[in-house]
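Heads up, the thing below is written out as structure tokens.
The structure presented is a predicted model; accordingly, all values stated were derived computationally and were not measured. In what follows, chains are A, B, ... by sequence order, proteins preceding strands, each numbered from 1.
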Amino acid sequence: MRTSQYLLSTLKETPAHAEVISHQLMLRAGLVRNVASGLYTWLPTGLRVLKKVENIVREEMEKAGAIETLMPMVQPADLWQESGRWEDYGPELCRLQDRHERPFVLGPTHEEVITALLRNEVSSYKQLPLNLFQIQTKFRDEIRPRFGVMRGREFLMKDAYSFHITDECLKETYQVMFDAYCRIFERLGLDFRPVVADNGSIGGEGSHEFHVLADSGEDDIVFSDTSDYAANIEKAEALAPAGERPTATQDLAEVATPNAKTIEEVAALLNVDAKQTVKTLLVLGHAEEGQQAPVIALVLRGDHQLNDIKAENLAQIASPLTFASDEQIKAAAGCEAGSIGPIGLSIDVIVDRSAAHLADFVCGANKDGYHYTGANWDRDFTNYTVADIRNVVEGDPSPCGQGNIVIKRGIEVGHIFQLGEKYASAMNLGVLTEAGKNQTLTMGCYGIGVSRIVAAAIEQNHDKYGIKWPKAIAPFQAAIVPMNMAKSARVKETAEKLYQDLKAAGIDVLFDDRKERPGVMFADHELIGTPTLLVIGERNLDEQMIEVKDRISGEKSLIAIDNVLDLFA
RNA sequence: CGGUGAUUAGCGCAGCUUGGUAGCGCACUUGGUUUGGGUCCAAGGGGUCGUAGGUUCAAAUCCUACAUCACCGACCA
């Protein structure tokens, strides 16, 4: 490709609204342009990267035995009604009507379509297992699109769906996909970790997320400092504190805590560590038919954070997790949110393991402006259950039993699930077994955020000059940068010949034939992140040498013109 | 949806407080100059000041509504 016939579209200045580095660099390097909130056009350079990522994913999926398909992005609503997700999915599902006023959705994922397909196409156990994938545009009407293509509303995703008669067979394919994902991210050249993940509303066991480690990531990933345990914080279990609970030494006392509503304020006022306090959150439980949802109290140590997912997974608690309104709080506790405590409550109380291990703690007195000190479980309050409902924090013992917890940020780029029979049973997908009986299929699904990977790769590979692409996904493998080509016939001739030779050898090469000064060219190529710059100038031509500059290491070296192709061997 | 802020040339911004001629840098065009790290000089082109309404002799500037965009909390590849 010649720059004179190409759309380079690099920017000197950083557009004001780009927050994270990958978004800034994607705009500056001319990879994408914003069309509307969460919607992007991929410029030629960006599309080259996207295609390279896509091809690596495709190759490894095929190697792992998956078969490529392509499903429509627009899907009829009746499939979603059949699976139950027409009601369950919420406003993130973009719904629309065609000219006949028939309802459709923009596909945020394709379980319904693939399940409906398989229902018609397979009827015998002999046809299974099957693993079908596609690389397709998805649309999710995100509440808050941000960080450029990292969280766009429209994005490119590889999604695969496997179908099995037995759970053993599903687990085998799941493992095959797990291994394939590791190979994909290795080939992409990314620093990644598979982590144990929550199954979300789907339930069942067996789900891993694949995270690219980066400070700008939106997820907290929990590691053990001594074992290879890794989990999403949503999933990481907070173990009960070791040993027996200390014995009570203080008497229960009511103290005035005017204007102290937060744990920090209460702890400062009473001059105690936040670890000696508890906070009480009121959430909604499941509503009985025709009744109002009951209010349930969750009690956590003052310095701990509620883990929504863990709470939601408890049988008593409504999903999605909903906090009680001010009126509901007043009715249940008789006070405002800043003064709630377990003592005297007549609703269900669920206490976090760590909070349950406290003695002589501080809690709200269910009376505005008052707290208790010297509170003790089983003496001052007896009717409660204990559960793990908090986020782990750094330094906690690792749930794997070895070492302590370290937390890093990650960008979720892949997620694999054992779905089980959820869709197959809702949509009546089964085949005849060897014994001639109908058997509902069990399914797995496996996603990779293709467009998100492009952003994640940049988050992990950049410097002050621009992007430093891993070789496997760089838009161009090399750029030819001639010095003052307009004045030197020799430079021009050499550059042209080199360009033809590299092209003939199948190298993705960008020939910078613009009439620009060297500094302009260098700056552009460093911004775009081309791994290898081939600099041709009068300086080295007498010796038939050209300069090679490596974008990653920054090293410059001379190489004989005849040997340039060896660089790409 | 809630909270915050923004919207003036392709991009980055000033002008608004105190109403009266539409500005700067980059980019772009032309000519010259320079040529191994974002040259320099000169001349140019380009703007319904987000939209609608109001106040006023007069609105980018003051007021109201709306739209869009971004950031902070709930979603997820």
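- One C1' atom belongs to A77(B), the other to C66(B), and the distance between them is 35 Å to the nearest Å.
- For E516(A) and A27(B), the CD to P distance is 9 Å, given to the nearest whole Å.
- Non-hydrogen atoms lying under 4.0 Å from RNA chain B are contributed by G449(A), R452(A), all within residues 448-470 of chain A.
- The side chain to side chain donor-acceptor pair (under 3.5 Å) search around D542(A) returns R490(A), not counting sequence neighbours.
- E526(A) contributes a side-chain N or O that forms a donor-acceptor pair with the base of G37(B) under 3.5 Å.
- In terms of the side chain to side chain donor-acceptor pair (under 3.5 Å) criterion, residue partners of K63(A) (sequence neighbours excluded) are, by chain and number, E60(A).
- When heavy atoms are screened at a 4.0 angstrom cut-off, M157(A) is found touching the sugar-phosphate backbone but no base atom.
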Which atom pairs, donor and acceptor, lie under 3.5 Å between side-chain atoms of residues 515-524 of chain A and protein residues at least two apart or in another chain?
from, atom 1, to, atom 2, distance (Å)
D524(A), OD1, T10(A), OG1, 2.9
D524(A), OD2, R514(A), NH1, 2.9
D524(A), OD2, R514(A), NH2, 3.0

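- A residue-by-residue look at R151(A) and R28(A) shows that R28(A) has its nearest nucleotide of RNA chain B further toward the 5' end.
- We find that E496(A) and K492(A) are joined by a salt bridge, their nearest charged nitrogen and carboxylate oxygen being less than 4.0 Å apart.
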Using nucleotides 39-43 of chain B, report all nitrogen or oxygen pairs with the protein that are shorter than 3.5 Å.
from, atom 1, to, atom 2, distance (Å)
U39(B), OP2, R517(A), NE, 2.9

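- Nucleotides A70(B) and G23(B) have their C1' atoms positioned 25 Å apart, rounded to a whole Å.
- To the nearest whole angstrom, the two P atoms, one in U68(B) and one in C62(B), are 23 Å apart.
- The C1' atoms of A6(B) and A60(B) are separated by 15 Å, rounded to the nearest whole Å.
- An aromatic stacking contact between F522(A) and the base of G38(B) is absent, as defined here by ring centres under 5.5 Å apart and ring planes under 30° from parallel.
- Atom P of G31(B) sits at a distance of 40 Å from the matching atom of C16(B), rounded to the whole Å.
- Listed by chain and residue number, nothing satisfies the side chain to side chain donor-acceptor pair (under 3.5 Å) test with K279(A) (two or more places apart in sequence, or in another chain).
- Not less than 6.0 angstrom separates the ring centroid of Y161(A) from the ring centroid of F417(A).
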side-chain hydrogen bond (donor to acceptor under 3.5 Å, both in side chains) evaluation trace for Y6(A) with T45(A)
CA-CA 9 Å; Y6(A) 189 65; T45(A) 311; 2.9 Å; yes

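- At a threshold of 4.0 angstrom between heavy atoms, the contacts of V535(A) include nucleobase atoms, whether or not backbone atoms are also involved.
- No contact: T109(A) has no heavy atom under 4.0 Å from any strand.
- Between K138(A) and A77(B) there is no side-chain polar atom (N or O) within less than 4.0 angstrom of OP1 or OP2.
- A straight line from CG of D524(A) to P of A27(B) spans 12 Å, rounded to a whole angstrom.
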Heavy-atom protein contacts under 4.0 Å, nucleotides 69-74 of chain B, coded B base, S sugar-phosphate only, - none:
SSBBBB

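- Look at R409(A) and D220(A) and you find a salt bridge, because one of the NZ, NE, NH1 or NH2 atoms lies within 4.0 Å of a carboxylate O, short of that distance.
- Base engagement by G537(A) is indicated by at least one non-hydrogen atom pair under 4.0 Å involving a base atom.
- Atom-to-atom, CD of E154(A) to P of A77(B) comes out at 17 Å; the value is rounded to the nearest Å.
- When each of V149(A) and L533(A) is assigned the nucleotide of RNA chain B with its nearest heavy atom, L533(A) is the one assigned upstream, toward the 5' end.
- The residue N540(A) sits close to a base: some heavy atom pair falls under 4.0 Å.
- Scanning for ring pair (Phe, Tyr, Trp, His ring centres under 6.0 Å) contacts around F511(A) gives Y499(A), with sequence neighbours left out.
- Interface residues of residues 544-557 of chain A facing RNA chain B, ordered by number: E547(A), K549(A); criterion, heavy-atom separation under 4.0 Å.
- Heavy atoms of D219(A) sit under 4.0 angstrom from at least one base atom.
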Please table the atom pairs, donor to acceptor, closer than 3.5 Å between any side-chain atom in residues 20-27 of chain A and protein atoms at least two apart or in another chain.
from, atom 1, to, atom 2, distance (Å)
S22(A), OG, E459(A), OE2, 2.7
Q24(A), NE2, A18(A), O, 3.2
Q24(A), NE2, E19(A), O, 3.3

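- A heavy-atom distance below 4.5 Å is found between the side chains of I233(A) and V392(A).
- For the P atoms, the distance linking U4(B) with C76(B) amounts to 28 Å, nearest Å.
- Counting non-hydrogen atoms under 4.0 angstrom, K487(A) reaches a base of the nucleic acid.
- Checked for salt-bridge contact, R95(A) and D141(A) miss the test: no charged N lies under 4.0 Å from a carboxylate O.
- For the atom pair CG (L156(A)) and CZ (R452(A)), the distance works out to 13.0 Å, reported to the nearest 0.5 Å.
- Residues forming a side chain to side chain donor-acceptor pair (under 3.5 Å) with R151(A) (at least two apart in sequence, or on another chain): E142(A), E218(A).
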Expected rows: protein N/O vs nucleotides 23-25 of chain B N/O, under 3.5 Å:
from, atom 1, to, atom 2, distance (Å)
G25(B), N2, E13(A), OE1, 2.6

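- When the P atom is compared between A59(B) and A22(B), the two are found 12 Å apart, to the nearest whole Å.
- The gap from the P atom of G44(B) to that of U51(B) amounts to 29 Å, rounded to the nearest Å.
- Nucleotide C57(B) is matched to G20(B) when pairs are restricted to Watson-Crick or G-U wobble geometry with both distances under 3.5 angstrom.
- The pair K549(A)-E526(A) meets the salt-bridge criterion, with a side-chain N (NZ, NE, NH1 or NH2) lying under 4.0 Å from an Asp/Glu carboxylate O.
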